[in-house]
Amino acid sequence: MEALRFTRDHLWVRVDGRHARIGLSEHGQVALGEIKAVELPEIGDALERGETFGELESPRTVAELCAPVSGTVTAINTELEDSPSLVNDDPHHDGWLVEVHLSDPDELDELMSAEQYEALVGDE
């Protein structure tokens, strides 16, 4: 989990060069409960850091997803359309949400390390 960066909203970011894969953290999926539906942007959409880019629906709530970084969506996890529970089953791998081409890699510096995130969720 050390390669991941995190937001206070329980999203993770895994970076490979100028590309970033975004997903919901283990802690986030536990807090939401069973994911029943996922609404994601389209390929080619622009994400702005801090802006809403989709939703996760569970029996408990509908959670808005706020972009942890800015960039252009290059891929979405189409498997989630038929199997939204992948977010619960494997949140850090098969349950990823979107991939983006980073427009400002410096934004990554604003995200928490795995150690910082663990300290945050340990306090909740």
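Note that the coordinates shown come from a computational prediction; the quantities given were computed from them, not determined experimentally. By convention here, the first residue in the shown sequence is residue 1.
In terms of heavy-atom proximity, Gly95 sits nearest to Asn77 at C-ND2, 4.0 Å. The shortest non-hydrogen separation linking Val100 to Thr74 is N-OG1, 3.9 Å. Nearest heavy-atom pair across Glu48 and Ala67 is O-CB, 3.4 Å. Contact between Leu11 and Cys66 at its shortest, heavy atoms only, is CD1-O, 3.2 Å. Between Ser103 and Gly71, the shortest heavy-atom distance links the atoms OG-N, 3.7 Å. Minimum interatomic distance between Pro41 and Val73 (heavy atoms only, all atoms of both residues): CG-CG2, 3.8 Å.
With hydrogens and angles ignored, the 3.5 Å screen pairs no side-chain donor or acceptor of Thr72 with any backbone N or O of Gly44. Between the Thr7 side chain and the Pro68 main chain, no donor and acceptor come within less than 3.5 Å of each other. Asp104 places a side-chain N or O within donor-acceptor distance of the main-chain N or O of Asp106, the cut-off being under 3.5 Å. Listed for the Gln116 side chain is a donor-acceptor partner under 3.5 Å among the backbone atoms of Ser113.
Annotation: side-chain hydrogen bond (donor to acceptor under 3.5 Å, both in side chains) contacts of Glu110 (sequence neighbours excluded): none.
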Derivation of the side-chain contact (heavy atoms from CB on, under 4.5 Å) call for His27 and Val121
CA-CA 7 Å; His27 183 81; Val121 297; 3.6 Å; yes
Trace of the side-chain contact (heavy atoms from CB on, under 4.5 Å) decision for Ile76 with Leu97
CA-CA 6 Å; Ile76 59 169; Leu97 303 171; over 6 Å; no
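Residue pairs that meet the side chain to side chain donor-acceptor pair (under 3.5 Å) test with at least one member in residues 78-91, sequence neighbours left out, are Gln29-Asn88. Sorted by first and then second residue, the salt bridge (charged side-chain N to carboxylate O under 4.0 Å, His left out) pairs involving residues 91-101 (not counting sequence neighbours) are Arg21-Glu99. The list of salt bridge (charged side-chain N to carboxylate O under 4.0 Å, His left out) pairs with a residue in residues 33-46, not counting sequence neighbours, reads Glu34-Lys36. Judged as a salt bridge (charged side-chain N to carboxylate O under 4.0 Å, His left out), not a single pair has a partner in residues 56-78 (not counting sequence neighbours).
Atom OG of Ser25 sits about 9.0 Å away from atom CE of Met112, to the nearest 0.5 Å. Taking CD1 from Ile22 and CZ from Phe53, the interatomic distance works out to 5.0 Å, rounded to the nearest 0.5 Å.
For the side-chain contact (heavy atoms from CB on, under 4.5 Å) test with Leu56, the passing option among Val62, Leu40, Leu65 is Leu65; the others fail.
Note on ring orientation: taking the six-membered ring where Trp is involved, the planes of Tyr117 and His10 are perpendicular (angle over 60°, cut-offs 30° and 60°).
Under a hydrophobic-cluster definition in which Ile, Leu, Val, Met, Phe, Trp and Tyr are linked whenever side-chain heavy atoms come within less than 4.5 Å, directly or via other members, Leu108 and Val98 are assigned to the same cluster. Cluster annotation: Val69 is not connected to Leu4 through the hydrophobic network of ILVMFWY side chains, with a link wherever side-chain heavy atoms come within less than 4.5 Å. Leu47 and Phe6 are members of different hydrophobic clusters when ILVMFWY side chains are connected at heavy-atom separations under 4.5 Å.
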Would you list the atom pairs, donor with acceptor, under 3.5 Å between side chains in residues 12-19 and any protein atom, with sequence neighbours excluded?
residue : atom : partner : partner atom : Å
Trp12   : NE1  : Leu24   : O            : 3.2
Trp12   : NE1  : Pro91   : O            : 2.9
Arg14   : NH1  : His92   : O            : 3.3
Arg14   : NH2  : His92   : O            : 3.1
Arg18   : NE   : Leu102  : O            : 3.3
Arg18   : NH2  : Leu102  : O            : 2.8

